[in-house]
Number of protein chains: 2
Amino acid sequence: MDNDAPPALDAVVDLGPLPGLTGYALRRAQIAVFHDFHRTMEAEGIRTAQFSVLEVLKANPGLRQTQVSFALGIKTTNFVPLFDELERRGLAERRPIPGDRRAKGLFLTEAGRATLERLEKLVAEHEARFVARIGAAGKAQLLGLLHRLTDRTFDPDRS
Amino acid sequence: MDNDAPPALDAVVDLGPLPGLTGYALRRAQIAVFHDFHRTMEAEGIRTAQFSVLEVLKANPGLRQTQVSFALGIKTTNFVPLFDELERRGLAERRPIPGDRRAKGLFLTEAGRATLERLEKLVAEHEARFVARIGAAGKAQLLGLLHRLTDRTFDPDRS
DNA sequence: TATTGTTATACTCTATAACTATA
DNA sequence: TATAGTTATAGAGTATAACAATA
């Protein structure tokens with residue numbers, strides 16, 4: 001008998017009501033998915049927020065910082081160093097906006113566009129790993145449910 | 001006409017492929033739910049990780065730190081100050097374990113048990129707000145899908 | 001030698017306040 | 001007086017390395 005063995009680390013621990021809480025289940029799933037995302041992007045040195053900014057600039061060239069950061073739920077104050085790094089790496093750039101000398105329009109560079117194409121291939125593989133787990137129908141269901149949970153009028157700068 | 005008005009902050013911005021990515025949708029939903037949780041718990045001064053520890057201790061009195069932190073995906077090194085605060089506030093305590101003088105068994109105090117009862121009422125209200133959005137059937141579907149996305153063998157101390 | 005708990009520390013993420021230059 | 005962008009800074013949350021006591 002093995003009565004004196006140390007308690008197995010993965011011994012069954014009763015999590016009580018936690019697995020039945022939407023927030024807890026969301027958090028654990030999000031961590032698992034982001035963990036895979038980080039491993040996928042490790043070689044490219046791109047983090048989730050950076051990737052999302054590049055995608056928004058691809059879809060909406062010339063947006064102002066305020067618009068991009070609001071759309072992604074990033075505080076403008078935190079957006080600055082984030083975008084600084086994209087600019088430093090030559091993936092995106094700020095340009096003056098005619099008619100408002102305070103504002104700046106954000107654009108992908110050619111290098112940014114090329115990099116994003118590589119990233120999208122990696123992300124597609126990453127995404128496929130999770131679609132393999134729940135199926136295309138499961139994913140469609142999931143996205144519908146998540147969308148109904150998400151607060152669409154969230155302004156990180158004013159809350 | 002209003003041609004010179006500043007661009008509306010919530011103007012429709014094309015998020016490109018982001019809303020179709022499981023990780024992005026998970027993250028936005030998780031932020032919305034946690035935002036409500038934080039507001040709900042503000043008066044009690046309890047954060048998500050602290051709440052989850054209290055629940056695990058209620059369901060499994062006497063577990064070792066290693067077991068609790070592994071079960072919740074918290075690094076043992078980060079668990080220490082987290083539990084220190086619960087102990088300082090008199091909600092939980094470390095007790096010696098007979099037979100292993102390195103290890104410590106974790107328990108709720110009476111005050112911890114009483115506090116947790118209050119917290120559970122608040123959490124139930126919090127949860128109800130989201131069940132109201134997606135229905136009981138929607139929640140059951142969601143939890144099933146999230147569980148299939150979650151990595152059950154994740155050890156934060158060794159990864 | 002390995003395990004339990006711990007300290008010290010660093011890095012990322014997020015949050016608050018205050019500033020500048022324009023409008 | 002308000003807005004766009006910025007700086008500085010503080011606080012969570014999470015990460016690594018190394019250690020003492022015990023097994």
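Since this is a predicted model, take the numbers as computed values, not measurements. By convention in this document, chain letters (A, B, ...) are assigned in the order of the sequence lines, proteins followed by strands, and residues within each chain are numbered from 1.
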Spacing of B:Phe83 atom CZ relative to C:dT4 atom P, expressed in whole Å:
17 Å

From CG of A:Leu82 over to P of C:dT12, roughly how many Å is that when rounded to an integer?
12 Å

Parallel, tilted or perpendicular: which one describes the rings of A:His126 and A:Phe130, with boundaries at 30° and 60°?
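The rings of A:His126 and A:Phe130 stand perpendicular, inter-plane angle above 60°.
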
Which of parallel (below 30°), tilted (30 to 60°) and perpendicular (above 60°) describes B:Phe34 and B:Phe37?
tilted

Please enumerate all protein N or O atoms sitting under 3.5 Å from an N or O of nucleotides 21-23 of chain C, with distances to 0.1 Å.
residue, atom, partner, partner atom, Å
C:dA23, OP1, A:Arg101, N, 2.8

Is the shortest side-chain N/O distance from B:Arg94 to OP1 or OP2 of C:dT6 below 4.0 Å?
yes

Should the pair A:Arg94 and A:Phe83 be classed as cation-pi, given the thresholds of under 6.0 Å to the six-membered ring centre and 45° from the axis?
no

Taking the side chain of A:Ala103 as its heavy atoms from C-beta onward, which of D:dT6, D:dA4, C:dT6 lies nearest to it?
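Of the candidates, D:dA4 comes closest.
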
Of the listed nucleotides C:dT4, C:dT6, D:dG5, the one nearest the side chain of B:Gln65:
C:dT6

Is it true that, when you exclude A:His38 itself, more than 12 heavy atoms of the residues, nucleotides or ligands shown sit nearer than 6.0 Å to its NE2?
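For A:His38, atom NE2 is crowded (more than 12 foreign heavy atoms under 6.0 Å).
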
Between [X] and [Y], does any side-chain donor sit less than 3.5 Å from a side-chain acceptor?
X: A:Thr115; Y: A:Arg89; answer: no
X: B:Glu127; Y: A:Thr22; answer: yes
X: B:Gln30; Y: B:Arg27; answer: yes

Return the polar atom pairs (N/O with N/O) between nucleotides 15-20 of chain C and the protein under 3.5 Å, or none.
residue, atom, partner, partner atom, Å
C:dA15, N7, A:Asn78, OD1, 3.3
C:dA15, N7, A:Asn78, ND2, 3.1
C:dA15, N6, A:Asn78, OD1, 2.8
C:dT16, O4, A:Thr77, OG1, 3.2

DNA chain C-proximal residues of residues 23-54 of chain B, any heavy atom under 4.0 Å
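Of all residues in residues 23-54 of chain B, the ones placing a heavy atom under 4.0 Å from DNA chain C are B:Arg27.
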
